[in-house]
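Have a look at the structure below before the remarks.
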Amino acid sequence: MAKDKTIYTCNECGGTSPKWLGKCPHCNAWNSLIESVAESAAPAKNRFASLAKTAEVAALADIEASDVERTPTGQDELDRVLGGGIVEGGVVLIGGDPGIGKSTLLLQALDALQRAGQKTLYVTGEESGAQVALRARRLGLDGSQVQVLAEIQLEKILATLDAHQPAIAVIDSIQTVYSDQLTSAPGSVAQVRECAAHLTRAAKASGTAIVLVGHVTKEGALAGPRVLEHMVDTVLYFEGDTHSSFRLIRAIKNRFGAVNEIGVFAMTEKGLKGVSNPSAIFLSQHAEPVPGSCVMVTLEGTRPMLVEIQALVDSGGPSPRRLSVGLDRDRLAMLLAVLHRHAGVACLDQDVFVNAVGGVRISEPAADLAVMLAITSSLRGRPLPKGFLAFGEVGLAGEVRPAPRGQERLKEAAKLGFSVAVVPKANAPKKAIEGLTIHAVERVEEALQILRTLD
Ligand code: TYD
Ligand code: MG
């Protein structure tokens, strides 16, 4: 067999060069050439000639639209983000900070699948077999029949996959795997990309579902999981800070299900446990209302969740700081400007900190109104009323825009005993919701006006 030749492919234009150059000879981009393997089998000019004769084309209507079959992992919250379970031949990428619980969760899932009669394989490149066994004992998975392979060479992993034909294989982690074909170090963009491509091809060819674990590196985009997102079927990321016991998994991309769905877990002595009703955990438990706190309902995927937004406004120095945790910082600056211009609430020389409780990250603009009210409450040193919540997007003109699926959000709040809500006019329900007094507003000034009447 002819050995595959190493070539260098440009990240920008896709052009190739036989040797590494600082500047791409085709598009003149700097530093864009990345090592890859040239397919040596056929000469380039008639590579597709034989394929053209045999490939078949069919009308969309004639192709049977079979729904994919899913195997539940036995972890309800994980199945929720996967869109129901593992899909045959599907490739899942799970990213997250080191120590957040990727290995723990996958080991638990593999054990459940193995017990349900599926063939599993856990490929560990970071830990030895003994370390994995120790973790399994700690998780209470005694007598686990999960097959473990401690290996980092791609060719050996592929051969083992081929020989064992597991239903599901976990590669922990893709950054430790390297291929003989490339000279770059394991964990480099070239290696990560090449190895993931081979594994993806193997998954599609054999029907083995493959889960790739990827560490989010400090540099983020570089050799991290980001470079693989387009290759795989499903991308999941762990969120939440390692200091709290709660972990969120969010689906960023899913060819077999909904995106932005989230799964909620708690890290316990015995590994990760799913939290089926997460609403209550993102509220900090104040006995009495405190200034600077406002609860909102965020809708993550299909599930409404109550989250507490906290703000602290304190006198700052000559260049006051604006800091946010779990919320967008640029959006915070915008909201402060709207608050000043349209409601006359000025934080000009003040430090402003905002935080979404519990390490949850909120990207939807429906948090705007709650952020504004929390800031106003902190600035004035007056708490919002007991059982109060607010949501709604705020525009630059000071208007309050509706949030998607407002009814569901309000019902969830009522279910958890909230009694007063300030919401965008278009979200006000036609039928009253029991136990909940709803104030519908169109502008920021109105929302603040209502707060004054509630004091
Ligand atoms: P791990 O799954 O090794 O993280 P990753 O693979 O994402 O790097 O998680 C390790 C952390 O989880 C570690 O800090 C200890 C903690 N942990 C528990 O709290 N309980 C447990 O049962 C286990 C196995 C780990
Ligand atoms: Mg790990």
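Side-chain atoms are counted along with the backbone in the values below, which use heavy atoms only and exclude waters and symmetry mates. Atoms within each ligand, like the ligands themselves, are counted from 1 in listed order.
- Between the side chain of K253 and the main chain of V232, a donor-acceptor pair closer than 3.5 Å is present.
- Atoms of ligand 1 found under 4.0 Å from any heavy atom of M267, numbered from 1 in the order shown, are 12 (O), 16 (C), 17 (N), 18 (C), 19 (O), 20 (N).
- Remark: ligand 1 atoms within the under-4.0 Å shell around heavy atoms of L139 are 22 (O), 24 (C).
- Using a 4.0 Å cut-off between heavy atoms, K270 contacts ligand 1 through its backbone alone, with no side-chain atom that close.
- Of the protein's heavy atoms, G101 N, 3.1 Å lies nearest to atom 4 (O) of ligand 1.
- Under a 3.5 Å cut-off, the side chain of N355 and the backbone N or O of Q310 do not form any donor-acceptor pair.
- Heavy atoms of V213 stay at 4.0 angstrom or farther from ligand 1.
- Taking a cut-off of under 4.0 Å to the non-hydrogen atoms of R135, the atoms of ligand 1 that pass are 1 (P), 2 (O), 3 (O), 24 (C).
- Donor-acceptor pairing under 3.5 Å is lacking for the side chains of T176 and E126.
- Using a 4.0 Å cut-off between charged side-chain N and carboxylate O, K415 and E412 make a salt bridge.
- Using a cutoff of 4.0 Å between basic side-chain nitrogens and carboxylate oxygens, R115 and D111 are scored as salt-bridged.
- Salt bridge present: D368 and R331 bring a charged side-chain N and a carboxylate O closer than 4.0 Å.
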Q: Show the numbers, then the answer: is there a side chain to side chain contact (heavy atoms under 4.5 Å, CB included) between H26 and C10?
A: CA-CA 9 Å; H26 306 281; C10 174; 5.7 Å; no
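- With a heavy-atom cut-off of 4.0 Å, K102 touches ligand 1 through backbone and side chain alike.
- Checked for salt-bridge contact, E364 and R409 meet the test: a charged N lies under 4.0 Å from a carboxylate O.
- Contact annotation: the side chain of Q191 approaches that of S179 to within less than 4.5 Å [non-hydrogen atoms, C-beta and beyond].
- Between E77 and R303 a salt bridge is recorded (basic side-chain N to carboxylate O distance below 4.0 Å).
- In E269, the part holding a heavy atom less than 4.0 Å from any atom of ligand 1 is the backbone.
- Using modelled atom types, one finds no donor on one side chain facing an acceptor on the other under 3.5 Å when comparing Q114 with S144.
- Considering only non-hydrogen atoms, atom 10 (C) of ligand 1 lies nearest to G99 out of S103, G99, A266.
- Counting only protein atoms, the N, O or S atoms lying less than 2.8 Å from the Mg ion (ligand 2) are S103 OG, ordered by chain and residue number.
- For atom 2 (O) of ligand 1, the nearest non-hydrogen atom of the protein is T104 OG1, 2.6 Å.
- Every atom of ligand 1 with a heavy atom of P98 under 4.0 Å away is listed here by number and element: 8 (O).
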